[in-house]
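What follows is a single structure, written as structure tokens, with notes after it.
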Amino acid sequence: QVPLVESGGGLVQAGGSLRLSCVASGRTFSTYAMGWFRQAPGKEREFVARITWSGTGTYYAESVKDRFTISRDNAKNTVYLQMNSLKPEDTAVYYCAADISRPSLPVGVRTTEYAYWGQGTQVTVSS
């Protein structure tokens with residue numbers, strides 16, 4: 001098990017910014033690739049961003065590219081999602097997830113590729 005706990009969500013106006021954090025328990029965080037997904041009401045969970053174990057490889061959904069930035073601090077067992085220029089359509093519950101099988105691959109957009117998930121944090125963007 002890899003407990004993951006997200007934080008940093010909230011209510012923000014369109015054009016604003018938020019930074020989400022996800023803290024992992026355990027000593028092996030640095031060996032996982034990490035991803036962020038989101039799920040809006042009535043919609044399927046969708047990929048947002050991913051980062052390799054070393055932090056040198058990242059990949060983004062087209063809808064967030066150039067607005068969101070994923071990063072990690074392995075010394076703090078934490079992965080971040082910096083979200084800028086937020087839009088109402090970014091409103092969703094955001095989840096972090098750990099891919100323990102393919103830590104060096106920057107691409108991983110399917111939920112089935114991630115073994116562990118956090119409980120989610122709500123992001124609401126008002127127009």
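Positions are given from 1 along the sequence.
Taking hydrophobic clusters as Ile, Leu, Val, Met, Phe, Trp and Tyr residues chained together by side-chain heavy-atom distances below 4.5 Å, Val2 does not share a cluster with Val23. A chain of hydrophobic side-chain contacts below 4.5 Å, direct or via other Ile, Leu, Val, Met, Phe, Trp or Tyr residues, connects Val12 to Tyr94. Cluster membership for Val64 and Leu20, using ILVMFWY side-chain heavy atoms within less than 4.5 angstrom, is shared. With hydrophobic clusters built from ILVMFWY side chains whose heavy atoms lie under 4.5 angstrom apart, Phe37 does not share a cluster with Leu4. Under the 4.5 Å side-chain heavy-atom criterion for Ile, Leu, Val, Met, Phe, Trp and Tyr, Leu105 and Ile51 are members of distinct hydrophobic clusters.
Arg38 is listed as a side-chain neighbour of Ser63, based on a closest heavy-atom distance under 4.5 Å. Asn74 is listed as a side-chain neighbour of Phe29, based on a closest heavy-atom distance under 4.5 Å. Annotation: side chain of Ile70 is not in contact with side chain of Tyr59 (no heavy-atom distance under 4.5 Å). At a threshold of 4.5 Å between non-hydrogen side-chain atoms, the residues Glu113 and Ser101 do not count as touching. Proximity of Gln39 to Thr111: side-chain heavy atoms (C-beta onward) are nowhere separated by under 4.5 Å. Contact of the Phe68 side chain with the Leu86 side chain is registered, since non-hydrogen atoms from C-beta on lie closer than 4.5 Å. At a threshold of 4.5 Å between non-hydrogen side-chain atoms, the residues Gln122 and Thr91 count as touching.
To the nearest 0.5 Å, atom CZ of residue Arg67 and atom OG of residue Ser85 are 7.0 Å apart. Interatomic distance, Arg19 CZ to Ser71 OG, rounded to the nearest 0.5 Å: 7.0 Å. Between the CZ atom in Arg45 and the OH atom in Tyr114 there is a gap of 12.5 Å [rounded to 0.5 Å]. Rounded to the nearest 0.5 Å, atoms OG1 (Thr69) and CG (Leu81) are 8.0 Å apart. Here Thr58 contributes atom OG1 and Arg72 contributes atom CZ; the two are 12.0 Å apart, rounded to the nearest 0.5 Å. Interatomic distance, Ser126 OG to Gln13 CD, rounded to the nearest 0.5 Å: 5.0 Å.
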* Apply side chain to side chain contact (heavy atoms under 4.5 Å, CB included) to Val123 and Met83, showing your working. => CA-CA 10 Å; Val123 172; Met83 305 186 295; 3.8 Å; yes

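No donor-acceptor pair closer than 3.5 Å links the side chain of Gln119 to the backbone N or O of Val5.
Screening residues 28-37 for side-chain hydrogen bond (donor to acceptor under 3.5 Å, both in side chains) gives Thr28-Tyr32 as the qualifying pairs, with residues at least two apart or on separate chains.
Take Tyr116 and apply the ring pair (Phe, Tyr, Trp, His ring centres under 6.0 Å) test, not counting sequence neighbours, and it matches no residue.
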